[in-house]
Structures are given as C-alpha cells and as structure tokens.
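Worksheet for the structure shown next.
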Amino acid sequence: MTQSRPNEFIPPPECPVFEPSWEEFADPFGFINKIRPIAENTGICKIRPPPGWQPPFACDVDRLHFTPRIQRLNELEAQTRVKLNFLDQIAKFWELQGCTLKIPHVERKTLDLYVLYKLVKEEGGFDGVCKERRWTQIALKMGFAPGKAVGSHLRAHYERILYPYYLFQAGANLMVRSLKSEFKVTPEVFIPLWQCFCFFFPPQVEQYICLVCGGGGDEDRLLLCDGCDDSYHTFCLIPPLHDVPKGDWRCPKCLAQECGKPPVAFGFEQASRDYTLRTFGDMADSFKSDYFNMPVHMVPTELVEKEFWRLVSTIEEDVTVEYGADIASKDFGSGFPVKNGTFKVSPVEEDYLSNGWNLNNMPVLDASVLTHVTADICGMKLPWLYVGMCFSSFCWHIEDHWSYSINYLHWGEPKTWYGAPGYAAEQLENVMKSLAPELFESQPDLLHQLVTIMNPNVLMEHGVPIYRTNQCAGEFVITFPRAYHSGFNQGFNFAEAVNFCTADWMPLGRQCIQHYRSLNRYCVFSHDEMTCNIASKADSLELELASAVQKDMCAMMLEEKMLREKVYKLGVWHSQQVDYDLLPDEERQCAKCRTTCYLSAITCPCSPDQLVCLYHIEDLCSCPARSYTLNYKYTLAELKPLFQALTARAESYEDWASKVNKILKADQDNKSDLEELRSLVVEAEKKSYPETDLLSHLRQVIQNADRCTSMAQQLLNGKRQTRYRSGGGKSQNQLTVEELKSFVNQLYDLPCTIRQAPFLKALLNRVEQFQQQSSDLLAEDTPGSSALQSLLDEGAGLDVELPQLVVLRQRLEQARWVEAVKEASDQPADLSLDCMRRLIDQGVGLTPHACVERTMARLQELLTVCEHWEEKAHNMLTARPRHSIETLEAALQEVDSIPAYLPSCLQLKDCVNGAREWIMEADALQAGGRIPGLAALSELVSRARSIPVMLEPLSRLESLISEVQAWKESAAKTFLLRNSSHSLLEVLCPRCETGPQKSKSKKAKDVSVPCKKVEVKLDSLFDVEKALSTSKYTVSMATLSEVHQKELESLSMLRTSNESKFQSSPSCLAPTVCLCHTVPAGPMLQCELCRDAYHSGCVPGFKDIQTGLPWLCPLCKRSEKPPLDKVLPLLASLQRIRVRLPEGDALRYVIERTVRWQHKVQLVSPTQHPNGKVSLIKLGTELEELLVEGLLMQVTLPELQQLYRSLLNRFSPSQHSLQSSEHDHQYHIAQDRSPPHRSPPHSKGQKNSKRRLEKENTEGQHRDKIKKPKKKKPKLNKERRREEKRTTSPSNSLSDLSYSDDSEEDWSVCSAKQCQQPEGNEVNWVQCDGSCNQWFHQICVGVSAEQAENEDYICVSCAINDLTE
C-alpha cells in the first residue's frame, strides 16, 4: 500500500517585497545593498519596479527555437525518486528471476513495498519481526486500521516479494552449500512441476549438475542460467523456488553482476521535438486548460501550487511536462534591448539600453565584481532565457560560486518561488541527505545537478526556514549568496536571469572555492585570477571594492605562502613561471578537485598534461616529490606591489573607517561629541568615499543623535507637539516610562555624547520616584483624596505616559466616592434613598477595589434596609384596615436605629404623633359630659380621616356626625321647600335682612373678619352661624333673640315702605312692585307679611293659592312650615344625639318662639258668640303684630289660621281689591292703568279664602264629561243663575273676568269668579253649603275631593254675607 495522501500543502510565509522609488531604482546595487540586511534573512526577495518602468520585449520571437527538457514530476521529488528507484530494482530483480513484478493491493490500496521493506529492516529483519510478532505494529505504522488482520497479509507479501530481494542484497544466495552439509533437501518435498520448466532436459543430461549440492538428480528441478549456463536445483537456491520460472532465469552469480552495476546518474532528457515560442505556448496552454478543465487565466495560483506538490509526491500518477531552460540569450537575443542589437528601440525607450536593471548590463556594472572576469560566462555574465509551462520546475540549487542571481519575468503567467536563507544552506543539505540518503550515495553533488526537489513543508518540519513568493510579469526576484531556491511555473511564461556579485560577496566567493574543492566540483571561473585582475586596476577601483579586494587578496597571499612553504618542505625545488591567463580553464584544472588553478600548480614529467593544485600534491602520481615542478603565475614578491596598490587605494578609507569604528565602539567615558561625527561625514563626502554600510551607519547614528537631541529638548521644555491635557488625557506623542528608560538608555548608548542626557536622566529619576510614591500610596487600603490629587498633579507635570496615572485617577474617584459616602453617612438627616441610589450608581461605574466593595456592600445593605422600611412604612400608611397606634409605635422603635432620612417613616412618625394628639383632643371634647359642637366634631373627624392610623374614637364620632347629618336631612325635608335656595339654618334662624335676598357669596367675604371681644355683628347669616357655633347655649338663644328683634324691626320698616307705594302721591308716579319691578297691572296679589303687591302671572303656583289662608310672597315664604307636632320629634332626636349645631339651637329657638307666641295668642284669643259666630276682642295693633310674628314663624299652627280668619272676617270682601284673575294678569297687563285701590290700613291683614282643587286624569279626555259628587243634589238652573247674578257684586270690581250665560247647559257652568275651565274625563265639583247652593269646580275653589266629601263648603260670597250679618 502507498502512503496515505499527504496532508494538503501549506504555503510557506511570503518573502519580502520591495517597491523602490524612482530615486532608489536609479542605483540597482545601491538599492540591493540597502535591502540586503532584510532580504538575505529570507534568501529571496521580490522587487516591483516603479509604475511605468516597462522595458520593451526585444527577443526575436520568430527566430527563437529550442528543445525543452522533459520532466516527470514524480521523479523530481527526492523521496518519491527513492521509492521509484527501489521499485525499479525490485522489478529488475524479479525480471532476471524470470518473473514479472505485480504490486499487490491491501485493503483496496496499492501496497507501498519501499515503506514495508524499510520498516521490516528497521525492526530487525524478517526473522526478528516474525519472532516478536510485530507485523501488527508494522501495519499500524503503515496507516492501516487496527483489528483487520492486515499483519498476516503484509507478512505473506513480504515473504513472497521482498524477502528474496533482501537475501540477495545480503549476499546469502551466493553461499555455496557443501555436499556434506547436514542440510539435506529431498526432492520428495517439492511438487513436480516439470511441465512448467522453461527447459526440458532429456535423460542423458546427467552432465548438468547442481553447483550447490553437486548432484545431477532431480532433473525436473534443475534450472539452467540463461546468462552463464550454470545449473541449480530449485530447492537448492536461497530462498528455494517453489515453481519453475516461466521467463529467462539468471543464476545468483549473474544476478549479482547485473544488479551490481552502478546506476546511471539521474538527469533530464531532452525532448525529441524542437519548439518555437508560439508552438510551445500553444502546447502549454492546451495542457493546462485540459488538465484543470477551465481556461488558463481562471485557474487559481493556489490550486496549481497544491496540485504540483501533490503530483511530485505520488508514484501512482505520472505527469510529464517540458521546460525550456538555460536558453542562451546570445544565440536568440535577450528579452531586454541591447546596444547594436537587432531590435530597434524607439526614442522614448532608449534609456532601457543602458539601464542598470537591464540584465545584460547588471553583471558588468562598475560595482559588480564579475566585470573583472574576462570570459563571457553564459548564465553568469550573459543572461539565460527560460520558457516555462504549467508544472515545469527548477529544483533546489544555489548559484555558481554562491553568487547573487536576478530573474525578470517578461510576460506570461506567474512563477512560484521558494527560498531558504544562506545561513540555512548546510541545514537544508543535511535534511535532504537524511531523507534520501540513497540518492546522495550515488551522487554526492546531487544538489548541484538541479534535478532534485523536496516539499517545502517537509523541510520546514525539519527546521529549515522556507519562504515563498509569486513572481508576476514585470517583477524581479533576487536570490542572495548561498541561498537555496526552487520553484515552478504556473503556466506559459518567459523569464530571463543572470548572476552578479558585489563587493560584499568577495569573502563568500573564496569560501565557495573551498567548498567546491571538498566536493571535487569544477569552478566556473578562477577566483584568484579575478582577484588579481581587480588588483591590477587598483587606481580606478571604488573604495568599497578596493577595501574588499584588499582583504581578499591578503587572505589569498597568506594561503598561497602557506601552500608554497608546504610544497617546499615536501621537496619540490623545481619551479617555473607559467602564464595561466593564456590557457583555457579545462587545461588548468586540478586533476583531483577540479579547481581552476591560477597562482600555482604542481606538474610531473611523467604526466605533463596533468596537474594538481597545491592542496592535492599527494594525488598527482607515484613519483617522488623532488621530481615535481611548481608552476606559478606570480612570485610572492610580484604580488606585493598589487597588494600595496590596493592598500594605498583603500588606506585613506581604511583610516577613516578605523576612526569611525573607534568612535562608534567607544565606551561611555571615551565618547566623542556629535560635532566630531558630523566632521567625519563631511570628510567622507569631501573625499568621495563610497556609500558603504559604515558611512550609512555613521549617517544613521548622526540622524538618530539629532532626533534624540530634538526629542530630549522637547521633553525637557515640555513643548512636545500635539500635546493636550483636556480631560486628564495624555499627549498623543507622550513617551511611556519604558520608552523613556529606553530613550535614556539610547542616549547613553549613542556613540556620542548628548548634552540633554543628564537632564533626562534626572527626569527619569523623578518618574521612578513618582512610581515608588504611587506604589506606596496605592498599597494603602483607603488613601486620602488629597494625597491622590497631589500625586496626580505631580505626575501630570512629568510629561510622560505613566500607567499609574490611570490607576491614581481610578483610586481618586474611589476615594472621593468613599469620602462622599462617609460624609453622607455622617449626616443621616440628609441621607435619603435617592442620595443612596445616586451614590450606588456612581460607585457601580468605579473600578473594583476592596474599599469600594466594602463601602458599596454597607451602602447597599443600608439601602436595602431603608427601602424595606420605607415600603413597610408606606404600606402601613396605606393599609386597609389601618394599623393600631401600638403597632406603628413598635415599628418606629426599629426605624429610629436606621441612620438615614426616610420620608415615609417620618410621615409615619408624624401620623403617630398626630394620632396621639387627636385621641387626646377627642377625649377632651367629650370629657365631663360635655356636648361637643358640630363644627369641632366635624373638624376633629376630618382631621382623623387624614391620619392613617386606626383611631378607636373615630367610629363613634363618625357615627355621631352621621346621626347629625341624618337629623339635618330629616329637618331639611321637614322645613325646606322643594328646590329651595335656602339652607336649613337660613330657614330656622330669624331673617337678618328683609329686603331682596343677598347673594350667598357674601359669606366668604366675612370669613376674614377677625373675631374680637367686642359687640358681635349679626348682619348676615354667616355672622349668626359663626356666633351660634362659637358660643354657649344661653348666649346662642340671646343671639337669636337679638336677630329676631332685628327681623321684626326690619319687617316693620318693609311693610310700611310697601304700603306707602299704594297711597296717592303728588308726583303721580306709578310705584314698582312685584318680582319684575314694574308698575301694577292686571290682577294683583298682596303678601300678608311684607305687604308688597305681585302680578298674578309673576307668582309661581298662582293657581294653587288656597282660600282662607294667608298668602305669602315667594320672598317671605321660606319653608314648608310643618306643624308643631312634626317639629317636636326633631328636637327630641337632636337631644338624644348630644351634639350641638347651629340648626339645633335655631330649632330650639323656633320652638321657644312658637310656645311664647301661642301663649300670647291665648292671652288675646277671641270669645265665642252665643250663636257660634266668631267675635273679636281687643282688635288693634297688638293683634296685627301678633299675626306678623306668627307669619314669621316657620311652623304651621292652628292658632295662626284662626287668628288670620278672625282678622279676615273683620273686613268686607270689597277690601280685597288686589286679588285679580290669572287671565287678566297673563294677557291684559296694561301699563297705563292707575294703581289698584289700596285697602284701608285696618284691613291689610285680610284676604279671601282659597282652597286648592284637585284635577284627576285630565290628559286626552273631553271636557264635556262632567261628574258631580253624588252627595250633592242637583240645583235648579234658575237658582244657579240667581246665585251667579248675586255673586256678581261690586266687591269684585278689580276683576275683569265675566261669564257668558248663553250656554244651553248653564247648570254645568262653574260659579267661581276665576274658573280655570278644567278638561278631562272626570271633573270634580263641589256645591256650596251656604245660602247660594252654587256649584264650583273643586280645583277652582281650592277644595280637595276628600274635603268635599267630609266637610261643608261655604263659598266666599256666603262667608262674607255671614260675617256681615
């Protein structure tokens, strides 16, 4: 089985890529020397010319033709080639044994015979593996899965195919067995297979005997060698053959001769076809597109790279490509234009002819050492051309003489490069030798043949540094001395390459000659000859080259002197001078090491055409050394002038360089100042010293010193650019402490002294002192904010980036926060929840620290407790039912220990205190049997409702107030009229004013009147209410009596004023009356109390006026005037409640007035006439006043009605002149009428009696359906007409209403003077029980149906007649 597919190729790191400016690009060797310190560490580098540098392609495409090399990819790789060579040997071995090798398959994969052979050999051989039963371990090492019994298969295949070869390699099959050997091989142990013999021997062939056993028997088992005709038994061979081979068979001796022949050195074959550039390109593009099955320009370079390394590592796939390599440019022309060439350049392209990057010019530039090599060496001094296709490759190699090389890709697809630095050359060689030792055994100089490649990943795994790059068209790739490199082409392209050497290469070139001598490898040119040629032109050399050649020539002369002394000591005394310049190189090569001799060589007369170098004098011939001849080019004395000329040329530069080196390497106490270094640069420029590394280094030192001086001065002045300090930030260019230390060290490490260095050293000491102070302060658990701020200010003034500043700022914030928390904690009255939350929010953003964590924990714990108690207090304040005062006081005892401001807890405390005060006030209010006032009680209950505490007396007080309110509502229902605008107190109290009712808003105006110990004003109801609320009972009665007295006085004045309106006036101006404040007109009504007149249409409820009762105007009638028997229970219930209120005092006063008035009435009560008629006694002013006082009372009394009727009966009906009909009032109010006749003064209390009639079910019925009571018998029509005529008397002269007597049913006409003409299904009638017997509508005379049924009705006319009689 073959090895498992290698891991996917991992590209090595990229090599440096340089993009020079036009100025840098103008000096090729100067730029290469500049990038050498970087690029030589990777072995290869890539250079991209400046944009616009595009030399024309000058090669003659039509004339160019070449024969490419054939490359089989799997033969290129070293390890793969080893496997292939092994398989070739195995195949050849079995072919010579007459068998064809067929590689077996295991687990459906081809068996890797080479790996199996190596593993068994490493494990101790076939016998050792079998003995220790290690076939399973070998199977695992080969990558087979365990547990499948693969080991037994591997053993069988090894024993059948590889074990015979192993024995052959060990020489066991050549051992001849003795006939007397104890080992007897009987023919019976073999199955006769004579039919398979290649040769059949007749019975008479006993002349053929086995060379092993010496017997001639078992002729069917005798094999005849096809090479030497020797015969062997199949069972005598080692190992024995079970079958007779079918093909030609070689005996062990012939087999050893054939297989022991040295292998032919591996090399590339030349293709049988000659290509032009165009035909090769067609072939290359066709191959790539067919292989990847896509257009060539679309194949990724990564894919080509991975596929290439896969192909070179496998033996199953055999891919062959062709490579046009090492095509001489002198035969077909270079890709660059050259002078006097066939390619004609345009004027704009003439600069490319002499450009240093033209590969035809680079090797022979003045700075190139190869300029002094006289021969035109193809590939070194003359460019070679390379035409590549996909997968065509160049194997690992280094350039001849370890020189530089430069490759330019003119056009085409990229070329992939791999390189190793020069210092890793021997490491790479050793790795390849260790991984493929078989190849190097036969070819020690294999790597110089450019025919072997190895996977870069394998080399990297063994520690060899490898770098890669993709060279695109128009780019250069440079390889440095002794840098191994290899690569392959991504596709069809055209490249050109050449070698060059610079002055720095000189010591490497001499070292390379020593290396070639050890490998017996020929040299391309003589290094000594080149050195002498350069020395002969010492006066025109550049100083750098002169200095390098002088060192190289010194080493050469010392070596030559040592070798010549060695030769003299060996006895070579003969010498002759030979001009080796005239001999071709092949005639002056050392016969041993193939080194080209120039300064000296040894020859012997026995072989005049052969010479050796002085190193290999012992290898010339067997003649004694005294017969040898030393051939020399120069004597040592002749070399001295050349050396002295070089020395003279390089001397001044050497002195200068020595002085520079001395200054640059001076110790701290012997340093020069900066000006001395500047003088050395000026000297170099004045004497035109070459731009060497030393001069560049000196300039760099001066530049660094200038920069350090400037920066040091800026640091000391504190004026660094882009500096800012806003927000405590640092300058963008501030140095860190490490940078400052490094900068100070850099100042002291400079080869010169800097004036500012001591000052910066002092600054560094301050910084270090600051760091120590910071460390000490930060080590404290809770440093003070003032100390931190002071240290911060000090650090900010150092103008250095100090990491401690950040920590100090953090600690400052922490310290300030901790102090803020402590300050807040020291003032619990100001430490609110919001303050704690704000502090916690500030603390959360701080950098973690132990002190912050502790403070934060305490603060959060306090906040949690406070929030808990705040929530608990809030819940207590809003709890339903409310908590008892004891519960709240217990909670407050716990809250008192919390050092914080808790508004809810304080509110709870205030509530508890308020509750205590309230309970004391409530207890005091009713203490000693006191009767509290309603105002104080209401105020107390109102306060209690705002106290969120369960107050036990509250429910009792609320109950009292509820009873009071219920009492007031009951009293209001009893006294107040429907939709009345008066309050209960206003109705019960005597009127403070008897004029038009004032606005109630005046109450609010009097609130601000201060209560002084002076005479109390009782001008308004508010004053009265205030006086009743704030005084004792006796005082309240006196107050009400006073108000009542004022009421009587005011009413008397009002009555007088109103009565005066109807007296004749000289001005003849009509008085204004009624609610409308207009002149009297139409039917009028007169109030019995105020004596003012009113239009009947302006009086609400005019139709409901009852006859026989005193009529009061709307302003005077203030209440329902309930009977006394309904009022007395109200007073009794109020006394049970035991609460004083103004309405209660007023009600008591009303009852007291009523009782006093009744007593007065009894004193003046009229006596009865013997015939039952009412007779009045002592009629006069006292009776009128008694009537007025009775009308003012808000209680209905039968005595008042009797008194009024008595007064009414004193006057004739004609004196009621102000009564008028509704009809006239509503529709016939005349503005030009004279005022109505005013009644005499003595009759002003009289008025006709009225009774209210009820109307039943009148809507939607006819008025012609009249129902009269059954009680009354019908009257004759003539009586009704008579009665109607009789009732029409002069006493009704104020009425404008007249009745028509032309009705057919005159008996159905109401006899009332002001008939309301009711309509409906049923109209109730009543008949007068007096002398007239007339019928009236009940509603027209104010009689209810119940009254009509149960009482006698006497009409107004009959009643007047009775009074007059």
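- Qualifying side chain to side chain donor-acceptor pair (under 3.5 Å) partners for Gln1194, counting only residues two or more places apart in sequence or in other chains: Ser1119.
- Scanning all heavy atoms of the two residues, the minimum distance from Pro953 to Ala922 falls at CB-CB, 4.3 Å.
- Checked against side-chain contact (heavy atoms from CB on, under 4.5 Å), Glu894 has the following partners two or more places apart in sequence or in another chain: Trp869.
- For the residue pair Leu940 and Glu921, the shortest heavy atom distance occurs at CD1-OE1, 3.5 Å.
- When the side-chain contact (heavy atoms from CB on, under 4.5 Å) test is applied to Leu1192, the partners found at least two apart in sequence or on another chain are Arg991, Glu1047, Leu1048, Leu1051, Leu1089, Arg1153, Val1188.
- One finds the OG atom of Ser825 at 9.0 Å from the CE atom of Met836 (value rounded to the nearest 0.5 Å).
- Under the rule for a side-chain contact (heavy atoms from CB on, under 4.5 Å), Ala829 has no partner lying at least two apart in sequence or in another chain.
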Can you give each donor-acceptor pair under 3.5 Å made by side-chain atoms of residues 963-974, sequence neighbours left out, with the distance rounded to 0.1 Å?
residue : atom : partner : partner atom : Å
Trp967  : NE1  : Leu1130 : O            : 2.6
Trp967  : NE1  : Ser1133 : OG           : 3.2
Thr974  : OG1  : Ser970  : O            : 2.8

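- The salt bridge (Lys or Arg N to Asp or Glu O under 4.0 Å) check on Glu939 picks up Arg943, with sequence neighbours excluded.
- With sequence neighbours excluded, no residue forms a side chain to side chain donor-acceptor pair (under 3.5 Å) with Thr782.
- Side-chain contact between Gln1086 and Asn1058 is absent, with no heavy atoms from C-beta onward closer than 4.5 Å.
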Working note: Thr1056 + Met1053, criterion side-chain contact (heavy atoms from CB on, under 4.5 Å); need CA distance, chi angles, decisive distance, verdict. CA-CA 5 Å; Thr1056 303; Met1053 294 173 60; 5.8 Å; no
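- In this structure, CG in Asp834 is found 10.5 Å from OH in Tyr901, a value given to the nearest 0.5 Å.
- More than 12 heavy atoms of other residues, nucleotides or ligands lie within 6.0 Å of NE2 in His1044, so this atom counts as buried by the packing criterion.
- Between Met950 and Ile885, every side-chain heavy-atom pair lies at or beyond the 4.5 Å cut-off.
- Looking only at side-chain heavy atoms (C-beta outward), Leu1186 and Trp1157 come within less than 4.5 Å of each other.
- Within the structure, salt bridge (charged side-chain N to carboxylate O under 4.0 Å, His left out) pairs that include any residue of residues 860-884 comprise Arg837-Glu867 (at least two apart or interchain).
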Could you give me the CA-CA distance, side-chain angles and deciding distance for Leu1200 and Val1161, then say whether side-chain contact (heavy atoms from CB on, under 4.5 Å) is met? CA-CA 9 Å; Leu1200 178 62; Val1161 171; over 6 Å; no
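- Between the side chains of Ser884 and Thr887, at least one donor N or O lies within less than 3.5 Å of an accepting N or O.
- Taking both residues in full, the closest heavy atoms of Ala915 and Leu951 are given as CB-CD2, 3.6 Å, listed atom of the first, atom of the second, then distance.
- Counting heavy atoms from C-beta on, the side chains of Val1099 and Cys1113 never come closer than 4.5 Å.
- By the side chain to side chain donor-acceptor pair (under 3.5 Å) test, Asp1125 pairs with no residue at all, sequence neighbours left out.
- Sorted by first then second residue, the salt bridge (charged side-chain N to carboxylate O under 4.0 Å, His left out) pairs that include residues 896-920, not counting sequence neighbours, are Glu889-Arg916.
- Atom CG of Leu839 is separated from atom OG1 of Thr855 by 10.5 Å, given to the nearest 0.5 angstrom.
- Scanning both residues, Tyr1204 and Glu1088, for their nearest heavy atoms gives OH-OE2, 3.3 Å.
- Panel note: side chain Ser942, backbone Ser938; no donor-acceptor pair is recorded below 3.5 Å.
- Arg1118 is not listed as a side-chain neighbour of Phe975, based on a closest heavy-atom distance of 4.5 Å or more.
- Evaluation of the side-chain contact (heavy atoms from CB on, under 4.5 Å) rule for Arg978 yields no partner, not counting sequence neighbours.
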### Message
side-chain contact (heavy atoms from CB on, under 4.5 Å) for Trp1111 and Lys1117? Distances and angles first, verdict last.
### Response
CA-CA 9 Å; Trp1111 182 80; Lys1117 187 175 182 179; over 6 Å; no
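- Within the 4.5 Å cutoff, the side chain of Pro990 has heavy atoms near those of the Leu1040 side chain.
- Leu960 places none of its side-chain heavy atoms less than 4.5 Å from the side chain of Val941.
- Summarising the geometry, atom CG belonging to Asp826 is positioned 10.0 Å from atom CG belonging to Leu831; distances are rounded to the nearest 0.5 Å.
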After noting the C-alpha distance and the side-chain angles of Leu1163 and Gln1158, does the key distance pass the side-chain contact (heavy atoms from CB on, under 4.5 Å) rule?
CA-CA 9 Å; Leu1163 294 177; Gln1158 285 179 329; over 6 Å; no
- request: Please report the C-alpha distance between Arg838 and Asp841 in whole Å, then the side-chain angles of each, then the deciding distance to 0.1 Å, and finally whether the salt bridge (Lys or Arg N to Asp or Glu O under 4.0 Å) criterion is met.
  value: CA-CA 5 Å; Arg838 183 174 64 256; Asp841 290 341; over 6 Å; no
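- At least one side-chain heavy atom of Cys866 sits under 4.5 Å from a side-chain heavy atom of Ile898.
- Taking CG of Leu833 as the start and CG of Leu863 as the end, the distance is 6.0 Å to the nearest 0.5 Å.
- Glu1120 approaches Thr1196 most closely through the heavy-atom pair O-OG1, 4.2 Å.
- The side chain to side chain donor-acceptor pair (under 3.5 Å) search around Asp781 returns Arg854, not counting sequence neighbours.
- Nearest heavy atoms, Gln814 versus Pro848: NE2-O, 4.0 Å.
- Taking CG from Leu908 and CG from Leu892, the interatomic distance works out to 4.5 Å, rounded to the nearest 0.5 Å.
- Checked by atom type and distance alone, the side chain of Ser1041 pairs as donor or acceptor with a backbone atom of Met1037 at under 3.5 Å.
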